[in-house]
There are 2 protein chains.
Amino acid sequence: MAGRTDTKTRILDAAEKLFAERGFSETSLRLITSKAEVNLASVNYHFGSKKELIRAVLARYLDVFMPTAATEIKRLHLAPEHASLNEIFSALIKPLLDLNKVRNGGTIIFLQLLGRGYIESQGHLRWFITTHYGQHLSTFVQAVSASAPHIPPAEMFWRLHFTLGTIVFTMASADALNEIAASDYGEHNNTEAIIRKVIPYMAAGVAVPVTSNE
Amino acid sequence: MAGRTDTKTRILDAAEKLFAERGFSETSLRLITSKAEVNLASVNYHFGSKKELIRAVLARYLDVFMPTAATEIKRLHLAPEHASLNEIFSALIKPLLDLNKVRNGGTIIFLQLLGRGYIESQGHLRWFITTHYGQHLSTFVQAVSASAPHIPPAEMFWRLHFTLGTIVFTMASADALNEIAASDYGEHNNTEAIIRKVIPYMAAGVAVPVTSNE
DNA sequence: TCTTAATTAAAACACCTGTTTAAATTAATC
DNA sequence: GATTAATTTAAACAGGTGTTTTAATTAAGA
């Protein structure tokens, strides 16, 4: 290995921030490399293509988040009583907030990347995540299902995606919403506060009894 | 007026479909005009710019949806008893499904456009909607607040945006989710079925008591 | 019908995109 | 210290973008 050994890291750091706040296709390699203060061609040299850079950015977070999240969920399973939905969702708070230790603003960056990826990539990210982290994912789904046994699997499938939409859309607009909330209600929430607001909302929605609509 | 009088309409029809399924920045004017079978320059001639075309596409739906939605909400207010959250949200079903009469697949196109707009436009759409349709919007917010008086205004602000995220993200991924649901659970849902699934979820989340998290 | 205005059409414009090339430079190995 | 490999650099490439221009065509008004 040679050269300033952190060129790859500089690119990843600059890219994830820009991707999170403006989206993948709205972020050019020239913008990334100028913010990272590296040469344009270094992206293709180190990552091969922009698409693979996007994958690398996401993987750097998923590789940290997924295992620790799954561990937390399994820890809940060991408890004598079944955990409540609120507890299960809350078990994700620590893994999420730990991403702030990995990098400044890591939590919200990760959630924003997730949202951008789901919406922009037309299913590619969904496929990538389920094939690479399917084990961890089903641990989570099983825990939720066990905690809300009155919800049939197909209905649970939809509700968990509602949940994903709730958190991901919220985080994508978090900055804008926070500004409005601050000026209209004098509130000032950080990422953790927003997560703690959204969990009861999601838990209630996931568990609400299925009714044949009037 | 002269020429094939429906050039503007042809552009709008082609644009909204492409915008909804691939996003605004991923859709080029050349793709739009080729699908619409009109000349490239006609977009700038009739709309001035791509940005104004986007606005026109959204306005064509909002101008139909917003008034009828507000009318439905007001009708609920006239009832002797306060409407439940489920009833309020359900009051939006008819205005939404009526968009299918305006154009084939109008309902899902509108919701997808809304989601794309909120996420891609970095607050521009939010500003546009609140300034142009603020009256209708606050009618809705008031109805919801009256139906869940135990939720403080600031909390309600957040929960209604959670709700927006839920529906909008769901619709943006509706096609992909439907495919998975069909292959994994043998389900086949149309737009209305998904809307009817999501309403109880949202209503439960909006109304859940506020708790100081453990 | 003739004239004027509105619309359509083809081409070019200026700029931005991701990627590749080939030379210069830096680091590692013998 | 010489040689080899890894990395960085500047430049060019090929293609796509929204927009503008200029001329041809079509419709409308006198």
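In what follows, chains are A, B, ... by sequence order, proteins preceding strands, each numbered from 1.
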ask   = For residues N189(A) and E187(A), is any side-chain donor paired with an opposing acceptor at under 3.5 Å?
value = yes
task = Take atom CG of N44(B) and atom P of dT8(C), then tell me their distance rounded to the nearest Å.
result = 13 Å
key: All pairs passing salt bridge (charged side-chain N to carboxylate O under 4.0 Å, His left out) where residues 57-72 of chain A contributes a residue, at least two apart   = D13(A)-R60(A), E16(A)-R60(A), E72(A)-R75(A)
Between C1' of dG18(D) and CZ of F24(B), the distance in whole Å = 17 Å
key: Single hit among N100(B), T191(B), N190(B) for side-chain hydrogen bond (donor to acceptor under 3.5 Å, both in side chains) with T107(B)   = N100(B)
ask   = F47(B): what forms a ring-ring contact (aromatic ring centres under 6.0 Å, His included) with it, not counting sequence neighbours?
value = none
remark   = Atom CZ of F47(A) and atom C1' of dT7(D) are separated, to the nearest Å, by 14 Å
key: Y201(A)/F162(B) aromatic ring centres below 6.0 Å   = yes
Determine all donor-acceptor pairs shorter than 3.5 Å in which one atom belongs to a side chain in residues 112-119 of chain B; sequence neighbours excluded.
{"unit_1": "Q112(B)", "atom_1": "NE2", "unit_2": "M171(B)", "atom_2": "O", "d": "2.9"}
{"unit_1": "R116(B)", "atom_1": "NE", "unit_2": "A20(B)", "atom_2": "O", "d": "3.2"}
{"unit_1": "R116(B)", "atom_1": "NH1", "unit_2": "I119(A)", "atom_2": "O", "d": "3.4"}
{"unit_1": "R116(B)", "atom_1": "NH2", "unit_2": "E21(B)", "atom_2": "O", "d": "3.3"}

key: Rounded distance in Å - OH (Y45(B)) to P (dA10(C))   = 17 Å
message = Cation-pi check for Y61(B) against R103(B): NZ or CZ below 6.0 Å from the six-membered ring centre and within 45 degrees of the axis, yes or no?
response = yes
task = Anything under 30° is parallel, anything over 60° is perpendicular, the rest tilted; go ahead and classify F128(A) against Y133(A).
result = perpendicular
task = Mind checking ring-ring contact (aromatic ring centres under 6.0 Å, His included) for H46(A) and listing every partner two or more places apart, or none if nothing turns up?
result = none
message = I need a per-nucleotide contact map over nucleotides 10-17 of chain D, read 5' to 3'. Cutoff is protein heavy atoms under 4.0 Å; write B for the base, S for backbone only, - otherwise.
response = B-B----B
request  = Let me know the distance between CD of E37(B) and C1' of dT7(C), rounded to the nearest Å.
outcome  = 18 Å
inquiry  = Measure CD1/I11(B) against C1'/dG18(D) and give the value in whole Å, please.
reply    = 14 Å
task = Report yes if a side-chain nitrogen or oxygen of T7(B) is closer than 4.0 Å to either non-bridging phosphate oxygen (OP1 or OP2) of dT8(C); otherwise report no.
result = yes
key: Selection: residues 53-61 of chain A, any non-hydrogen atom under 4.0 Å of DNA chain D   = none
request  = Look at H46(A) and dA6(D) and indicate whether a side-chain polar atom (N or O) is within less than 4.0 Å of OP1 or OP2.
outcome  = no
